[in-house]
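Take a look at the structure set out below.
In what follows, every heavy atom counts, from backbone to side chain, and hydrogens, waters and symmetry copies are set aside. Naming: A, B, ... by sequence-line order, numbering from 1 per chain.
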There are 2 protein chains.
Amino acid sequence: MKFDLSQTEENYLKAIYSLFVVSNKAVSTNKIAEKLATKASSVTDMVKKLSEKELVNYVKYQGVSLTENGREIAIHVIRKHRLWEVFLVRHLGFQWDEVHEVAEQLEHVKSVKLTNSLDAFLDFPRYDPHGDPIPDKEGNFAKRDVAVLSSLKIGQESKIVGIKDSSSEFLKYLDKVEIKLGAAIKVLHKESFDNSMMLWIDKKQISISQQIASNLYVKQQD
Amino acid sequence: MKFDLSQTEENYLKAIYSLFVVSNKAVSTNKIAEKLATKASSVTDMVKKLSEKELVNYVKYQGVSLTENGREIAIHVIRKHRLWEVFLVRHLGFQWDEVHEVAEQLEHVKSVKLTNSLDAFLDFPRYDPHGDPIPDKEGNFAKRDVAVLSSLKIGQESKIVGIKDSSSEFLKYLDKVEIKLGAAIKVLHKESFDNSMMLWIDKKQISISQQIASNLYVKQQD
DNA sequence: AATTTTTTTTAGACAAGTCTAAAAAAAATA
DNA sequence: TATTTTTTTTAGACTTGTCTAAAAAAAATT
Ligand SMILES: [Mn+2]
Ligand SMILES: [Mn+2]
Ligand SMILES: [Mn+2]
Ligand SMILES: [Mn+2]
């Protein structure tokens with residue numbers, strides 16, 4: 001039950017986890033290859049290995065899903081990734097678009113004490129700098145009810161709570177137009193021909209394209 | 001000049017560096033193998049590779065030394081190792097005997113910004129929890145004049161400034177007998193038959209064996 | 001249903017790092 | 001100096017993770 005996995009194996013588990021979360025069905029070889037910037041044949045090899053270790057369910061030609069063990073490990077790696085991101089932003093002066101690459105390395109450091117002490121040091125943060133929830137020691141984390149900003153109707157008010165595409169470019173764009181997590185918003189207008197939106201964000205009025213709006217998560221209205 | 005080395009390569013450079021520092025002459029294949037808990041044949045292979053990259057000087061049968069580039073990299077890895085040790089002890093509640101293994105992993109995380117921000121966050125510490133000096137951004141660090149405690153004569157006073165053997169067992173022993181870095185000491189007596197020493201440490205009188213005394217660094221007297 | 005296209009797997013190769021066993025060189029001893 | 005012992009290197013093999021090219025299976029089109 002307690003393996004010592006390589007960084008590569010951990011990265012595969014994480015990739016499978018995050019792909020599964022969006023589609024909610026067995027993940028294809030090609031999708032994994034794309035996510036990890038590798039080749040489908042390499043994925044097949046690795047998936048066989050993970051299957052032997054009972055970390056994934058794999059049937060030839062039918063995609064991959066995580067076993068309970070595999071899921072636990074994936075979530076634990078994600079926990080470390082997000083905790084480190086919080087540390088980098090809060091204490092080392094990193095911008096939110098600079099943390100991912102470094103967290104990608106730090107997430108593989110193996111020490112239960114390190115992870116849990118870091119969690120305590122940070123005062124048990126619930127969300128990372130991009131609004132993604134941080135699993136606790138037991139692997140539990142809030143499944144937030146979020147909607148994409150682009151789905152809001154005219155007149156609706158909400159709050160920005162997360163970023164879907166956390167690429168450096170997108171994050172820098174958000175900085176430039178001063179869109180921050182936690183900002184209160186109100187939809188003023190939607191252009192029907194391109195679905196761009198005019199909105200109030202905090203005290204400012206701004207227009208954003210559909211592309212942008214569909215990469216921002218807002219608090220789900222009840 | 002700016003390679004991206006594997007963790008293994010970095011560990012070899014560090015090992016060669018530290019072996020060179022004690023003997024001040026070309027390091028033997030066997031010594032490296034012992035230090036890294038591997039086999040001499042593996043060392044030969046790796047040393048050839050590092051030599052191709054011009055990180056070590058290597059002549060068959062004549063041992064290994066670091067080139068200027070190799071030395072810089074080794075020192076940079078040591079810098080990271082020691083900074084992380086400080087972080088773990090100061091901020092995450094680690095004991096000084098628990099940090100080495102984790103720092104051994106953290107030292108390989110690649111991010112100049114991370115290293116330098118951590119350094120600043122820690123307020124540019126000059127020594128790690130074991131009294132080892134921390135190289136600055138440029139790789140400079142004080143070459144301290146230290147002596148081993150066992151070399152002190154009766155009546156001499158000094159201060160404990162470093163630990164030679166930082167094994168967990170030894171560090172735990174020091175905790176048990178309450179020997180701390182920075183402690184003021186005075187040699188009261190030396191048994192001639194076993195070279196054990198009776199000393200004042202802070203306000204306590206204690207007797208330690210030669211073995212212990214030769215693993216403690218004290219401030220060099222002028 | 002037959003054919004074409006796409007996806008996935010297999011086969012075989014390679015690089016990194018390691019090992020054991022054997023050969024070669026160096027060092028120590030007689 | 002000759003012989004023995006120790007150290008170091010080479011040869012060949014193995015593991016992990018990767019790749020390309022080809023084969024097989026599944027899915028999409030006609
Ligand atoms: Mn990673
Ligand atoms: Mn994040
Ligand atoms: Mn290391
Ligand atoms: Mn140390």
Side-chain angles (χ1 to χ4, degrees), chain A residues 3-17 19-20 22-23 25-66 70 73-74 77 104-105 107-108 110, chain B residues 3-17 19-20 22-23 25-66 70 73-74 77 104-105 107-108 110:
Chain A
F3 296 104
D4 217 10
L5 299 184
S6 69
Q7 300 199 178
T8 309
E9 290 171 313
E10 289 186 345
N11 285 338
Y12 270 89
L13 293 179
K14 227 178 32 147
I16 294 164
Y17 176 85
L19 290 169
F20 188 89
V22 302
S23 73
K25 54 176 201 267
V27 177
S28 80
T29 306
N30 258 1
K31 282 270 159 51
I32 300 170
E34 191 189 358
K35 182 123 199 165
L36 294 174
T38 183
K39 294 297 150 75
S41 56
S42 306
V43 173
T44 302
D45 288 346
M46 177 56 86
V47 152
K48 279 181 183 166
K49 215 178 80 179
L50 294 173
S51 174
E52 301 250 303
K53 296 190 181 183
E54 300 190 64
L55 298 171
V56 304
N57 308 113
Y58 169 60
V59 183
K60 259 195 210 179
Y61 295 104
Q62 279 171 232
V64 193
S65 63
L66 296 178
I73 295 171
V77 176
E104 205 56 48
Q105 301 176 62
E107 72 188 2
H108 302 293
K110 276 158 189 88
Chain B
F3 296 105
D4 215 11
L5 299 184
S6 69
Q7 300 198 179
T8 309
E9 290 171 315
E10 288 186 345
N11 284 338
Y12 270 90
L13 292 179
K14 227 177 32 144
I16 295 163
Y17 176 85
L19 290 169
F20 188 89
V22 302
S23 72
K25 55 175 201 267
V27 176
S28 79
T29 305
N30 258 0
K31 281 270 158 54
I32 300 170
E34 191 189 358
K35 182 126 200 163
L36 294 175
T38 183
K39 294 296 150 79
S41 56
S42 307
V43 173
T44 302
D45 288 345
M46 177 57 86
V47 153
K48 278 180 184 167
K49 216 178 78 181
L50 294 172
S51 174
E52 300 251 305
K53 296 189 180 182
E54 299 190 63
L55 299 171
V56 303
N57 308 114
Y58 170 60
V59 183
K60 260 196 209 177
Y61 295 105
Q62 278 169 235
V64 192
S65 62
L66 295 178
I73 294 172
V77 176
E104 206 55 49
Q105 300 177 63
E107 71 188 1
H108 302 294
K110 274 154 189 93

Practice item. Send over the distance from B/Q7 CD to C/dT18 P, rounded to a whole Å. Key: 12 Å

Revision key, fill the gap. Scanning all shown strands, the Watson-Crick or wobble mate of D/dA21 with both distances under 3.5 Å is C/dT10

Practice item. List in chain and number order the residues that pass side-chain contact (heavy atoms from CB on, under 4.5 Å) with A/S23, two or more places apart in sequence or in another chain; answer none if no residue qualifies. Key: A/K25

Revision key, fill the gap. Residues at least two apart in sequence or cross-chain that pass side-chain contact (heavy atoms from CB on, under 4.5 Å) with B/S41, listed by chain then number, are B/K39

Check your understanding: Is there side-chain contact between A/V43 and A/Y12, with heavy atoms separated by less than 4.5 Å?
Key -> yes

Exercise for review: Only counting residues at least two apart or in another chain, list the ones meeting side chain to side chain donor-acceptor pair (under 3.5 Å) with A/Q7.
Suggested key: none

Revision key, fill the gap. Hits for side chain to side chain donor-acceptor pair (under 3.5 Å) against A/E107, two or more places apart or cross-chain, chain-then-number order -> A/K14, A/H81

Review point. In whole angstroms, how far is the C1' atom of D/dT16 from the CG atom of A/L5?
Key: 13 Å

Check your understanding: Roughly how many Å is it from CE in B/M46 to P in D/dT9, rounded to a whole number?
Key -> 15 Å

Could you list the protein-to-nucleotides 19-22 of chain C atom pairs, N/O on both sides, closer than 3.5 Å?
| unit_1 | atom_1 | unit_2 | atom_2 | d |
| --- | --- | --- | --- | --- |
| C/dC19 | OP2 | B/T38 | OG1 | 2.6 |
| C/dC19 | OP2 | B/K39 | N | 3.2 |
| C/dC19 | OP2 | B/S42 | OG | 2.8 |
| C/dT20 | OP2 | B/K39 | NZ | 3.1 |
| C/dT20 | O4 | B/S41 | OG | 3.0 |

Close N or O pairs between protein and nucleotides 3-5 of chain D (under 3.5 Å):
none

Residues 27-38 of chain A side chain polar contacts: donor-acceptor under 3.5 Å, at least two apart:
| unit_1 | atom_1 | unit_2 | atom_2 | d |
| --- | --- | --- | --- | --- |
| A/S28 | OG | A/K31 | N | 3.1 |
| A/K35 | NZ | A/S18 | OG | 3.1 |

Review point. Could you state the CD-P distance from B/E10 to C/dA16, rounded to the nearest angstrom?
Key: 16 Å

Exercise for review: Rounded to the nearest angstrom, tell me the gap between atom NZ in A/K48 and atom P in D/dT18.
Suggested key: 15 Å

Report each atom pair, protein N/O against N/O of nucleotides 6-8 of chain D, whose distance is under 3.5 angstrom.
| unit_1 | atom_1 | unit_2 | atom_2 | d |
| --- | --- | --- | --- | --- |
| D/dT8 | OP2 | B/N30 | N | 3.0 |
| D/dT8 | OP2 | B/N30 | ND2 | 3.3 |

Review point. side-chain contact (heavy atoms from CB on, under 4.5 Å) with A/E10: which residues, sequence neighbours excluded?
Key: A/L5, A/V77, A/H108, A/K110

Check residues 51-62 of chain B and write down every donor-acceptor pair under 3.5 Å in which the side-chain atom is one partner and the other belongs to a residue at least two apart or another chain.
| unit_1 | atom_1 | unit_2 | atom_2 | d |
| --- | --- | --- | --- | --- |
| B/K53 | NZ | B/E9 | OE2 | 2.7 |
| B/N57 | OD1 | B/S65 | OG | 3.2 |

Exercise for review: For B/K48, check salt bridge (Lys or Arg N to Asp or Glu O under 4.0 Å) against everything at least two apart and list the hits.
Suggested key: none

Check your understanding: Of the non-hydrogen atoms in A/A74 and A/L66, which two are nearest, and what is the gap between them?
Key -> CB-CD1, 4.0 Å

Exercise for review: Measure the distance from CG on B/L50 to C1' on C/dA16 and round it to the nearest whole Å.
Suggested key: 12 Å

Point to revise | From CD1 (B/I16) to CG (B/N11), nearest 0.5 Å | key: 11.0 Å

